[in-house]
*Asks:* 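Questions regarding the structure given below will be posed in turn.
Basis for what follows: all heavy atoms, side chains included, without hydrogens, waters or symmetry-related copies. Convention: sequence-line order gives letters A, B, ...; per-chain numbering from 1.
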Number of protein chains: 2
Amino acid sequence: MGVTKSQIFNSSQNQMAAIFKVLAHPARIAILQYISKQEACICNDIVDEIGLAQPTISQHLKELKSIDLIQGEIEGKKVCYCINLDTWATIQKTLNTFFNTTKSNCC
Amino acid sequence: MGVTKSQIFNSSQNQMAAIFKVLAHPARIAILQYISKQEACICNDIVDEIGLAQPTISQHLKELKSIDLIQGEIEGKKVCYCINLDTWATIQKTLNTFFNTTKSNCC
DNA sequence: TTTATATATTGCAATATTACGATTATAAAT
DNA sequence: ATTTATAATCGTAATATTGCAATATATAAA
């Protein structure tokens, strides 16, 4: 019925799915790549770069912020976004653990 | 409008998002983990283990198959699923490249 | 051939996501 | 104080996803 039955899964599974969900949109991948290669990562520059409307970018940024993948620093009337390297490293480690512990052993 | 504007992103970005999307559900994470630790990974066992209806599991398996993450081998009236280790390794490498090349350099 | 078992497909209701126009909030500039 | 610029929020339409009952398909067993 459109609702994920989170109760039947453990918190690790739900958390992992939540991380993947945030990354599961090309705009958010593009935003992360763009932020990563710019010196100044101003929201408005992202809007110009990506080619989606400002409210749409703002919404994507909010989702990236929701798992602390990026953080925004207010600089006057602009907001400078950057990647949160701590979260970034933690997530990379989590995903690698998942990939390393999941093996094939049948068929 | 509910439609992702794939045209404005490059194929690498779209492909990466597509991989993340398949993994962005706790049931699919749970299925992969269960398949990985069982000797025999029969579809019906997965249904019993996960606690979702058979058509729902079948649909999740279809999505995992769509990016070749798992493959099903027909054994009589049963189907034995296993992880496709080639795809698994390729995806892990792709994701690590993404995480390694995305750095923080502002704020 | 009939019956039982295992899985896939279809159709649909409930909910979530994507995108954007309109509006609001905030701060700098005039 | 007013205007301008930047970004967040609200409201909403279009579309996608999740989940399951009902049904279809396929193979094994009786």
*Asks:* Have a look at B:Leu69 and tell me which of B:Ile31, B:Leu32, B:Ile19, B:Ile35 forms a side chain to side chain contact (heavy atoms under 4.5 Å, CB included) with it.
*Replies:*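 Considering B:Ile31, B:Leu32, B:Ile19, B:Ile35, a side chain to side chain contact (heavy atoms under 4.5 Å, CB included) with B:Leu69 is found only for B:Leu32.
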*Asks:* Does atom CD1 (B:Ile74) have a neighbourhood of more than 12 heavy atoms from anything else shown, all under 6.0 Å?
*Replies:*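 No, not enclosed.
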*Asks:* Is a donor from one side chain sitting under 3.5 angstrom from an acceptor on the other, for A:Gln38 and A:Asp45?
*Replies:*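 The answer is no; no qualifying pair exists.
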*Asks:* Can you confirm whether the side chains of B:Gln33 and A:Gln13 place a donor and an acceptor under 3.5 Å from each other?
*Replies:*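 Yes, because at least one side-chain N or O of B:Gln33 sits under 3.5 Å from a partner of the opposite role on A:Gln13.
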*Asks:* Would you say the side chain of A:Gln71 lies within less than 4.5 Å of the side chain of A:Cys82, judging by non-hydrogen atoms?
*Replies:*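 In short, these two side chains touch, coming nearer than 4.5 Å.
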*Asks:* Mind listing the closest non-hydrogen atom pair of B:Ile8 and A:Gly51 along with its distance?
*Replies:* CD1-O, 3.8 Å
*Asks:* Which residues pass the side-chain contact (heavy atoms from CB on, under 4.5 Å) test with A:Thr94, sequence neighbours left out?
*Replies:*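 A:Met16, A:Thr90.
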*Asks:* Check DNA chain C against residues 18-26 of chain A and give the residues with a non-hydrogen atom under 4.0 Å, in numerical order.
*Replies:*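 A:Lys21, A:His25 - these, ordered by number, are the residues of the stretch whose heavy atoms sit under 4.0 Å from the strand.
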*Asks:* Counting primed atoms plus P, OP1 and OP2 as sugar-phosphate and everything else as base, spell out the protein contacts along nucleotides 22-30 of chain D at 4.0 Å heavy-atom distance: B, S or - for each nucleotide, 5' to 3'.
*Replies:* B----BS--
*Asks:* Considering residues at least two apart in sequence or located in another chain, which fulfil the side-chain contact (heavy atoms from CB on, under 4.5 Å) criterion with A:Ala53?
*Replies:* A:Pro55, A:Thr56
*Asks:* Please check the phosphate of D:dA5 (OP1 and OP2 only) for any side-chain N or O of A:Asn44 closer than 4.0 Å.
*Replies:*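 It does not, given that no N or O in the side chain of A:Asn44 lies less than 4.0 Å from OP1 or OP2 of D:dA5.
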*Asks:* Check whether any side-chain heavy atom of B:Asn84 lies under 4.5 Å from a side-chain heavy atom of B:Ile70, and answer yes or no.
*Replies:* no
*Asks:* Please tell me which of A:Lys78 and A:Thr56 maps to the more 5' nucleotide of DNA chain D, matching each residue to the nucleotide holding its nearest heavy atom.
*Replies:* A:Lys78
*Asks:* Run the numbers on A:Asn96 and B:Asn96 for side chain to side chain contact (heavy atoms under 4.5 Å, CB included), then give the verdict.
*Replies:* CA-CA 8 Å; A:Asn96 271 314; B:Asn96 272 314; 2.8 Å; yes
*Asks:* Rounding to an integer number of Å, can you tell me how far A:Glu73 CD sits from D:dA7 P?
*Replies:* 14 Å
*Asks:* Check the distance between C:dA8's P and B:Ile42's CD1 and give it to me in whole angstrom.
*Replies:*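 Computing the B:Ile42:CD1 to C:dA8:P distance gives 11 Å.
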*Asks:* Please check if any side-chain donor atom of A:Asn44 sits under 3.5 Å from a side-chain acceptor atom of A:Gln54, or the reverse.
*Replies:*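 Side chains of A:Asn44 and A:Gln54: no pair found under 3.5 Å.
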*Asks:* Got a sec? Which of residues 58-67 of chain B come in under 4.0 Å of DNA chain D, heavy atoms?
*Replies:*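 Heavy-atom contacts with DNA chain D come from B:Gln59, B:His60, B:Glu63.
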*Asks:* Rounded off to whole Å, could you give me the CD1-to-P distance for the A:Ile57 and D:dA7 pair?
*Replies:* 11 Å
*Asks:* For the helix from C:dT1-D:dA30 to C:dT30-D:dA1, what angle separates the axis at the start from the axis at the finish, each from five pairs, in steps of 10°?
*Replies:* 10°
*Asks:* Mind telling me whether A:His25 and B:Phe9 have parallel, tilted or perpendicular rings, with 30° and 60° as the class edges?
*Replies:* perpendicular
*Asks:* A:Ile50 has an atom CD1; how far is it from atom C1' of C:dT18, in whole Å?
*Replies:*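 Rounded to whole Å, this separation is 15 Å.
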*Asks:* Can you check whether A:Cys43 reaches A:Lys78 side chain to side chain, under 4.5 Å on heavy atoms?
*Replies:*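 With C-beta onward as the side chain, the pair stays apart.
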